[in-house]
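This report concerns only the one structure given below.
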Amino acid sequence: MVSNISSALNAYQQALSRIGAQTPAAPAVQPQEGDSFQNMVQDVLGDTVKLAKQAEATTIQGLQGKADIQDVVQAIANAENALETVVAVRDTAIKAYQSIIQMTI
């Protein structure tokens with residue numbers, strides 16, 4: 001059983017490294033004058049994906065015994081908070097869109 005877990009972990013790490021190599025790093029969010037809402041949303045989504053990948057990498061390191069459990073929990077909590085924020089903004093945008101659509105002309 002241990003060999004199956006080890007081989008699965010190795011395969012997951014290889015896939016994660018390939019994904020990381022294909023995906024360019026997202027720049028830090030630096031709002032500047034003239035930036036559009038779309039650019040801001042893309043930056044925030046990029047940061048959220050980056051946090052999720054960091055949480056996955058930290059979790060893998062924790063499984064291998066290379067990271068402290070506190071680091072794993074903190075990375076997962078940061079990724080979860082970022083995702084919850086994105087979902088809340090999405091829900092609010094959908095509600096606003098539905099309100100606009102229901103307005104009479």
Could you give the distance from [atom1] ([X]) to [atom2] ([Y]), rounded to the nearest 0.5 Å?
X	Y	atom1	atom2	answer
Thr59	Ile69	OG1	CD1	8.5 Å
Gln54	Ile76	CD	CD1	12.5 Å
Leu45	Gln42	CG	CD	8.0 Å
Leu83	Arg90	CG	CZ	9.0 Å
Asn81	Thr48	CG	OG1	10.5 Å
Leu63	Thr58	CG	OG1	11.0 Å

Nearest heavy atoms of [X] and [Y], plus distance in Å:
X	Y	value
Ala55	Ala75	CB-O, 3.6 Å
Ala82	Leu51	CB-CD1, 3.7 Å
Val72	Ala67	CG2-CB, 4.4 Å

(Q) Which residue in the set Ile100, Ile94, Ile101 passes side-chain contact (heavy atoms from CB on, under 4.5 Å) when paired with Gln98? (A)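 The single option meeting the side-chain contact (heavy atoms from CB on, under 4.5 Å) with Gln98 is Ile94.
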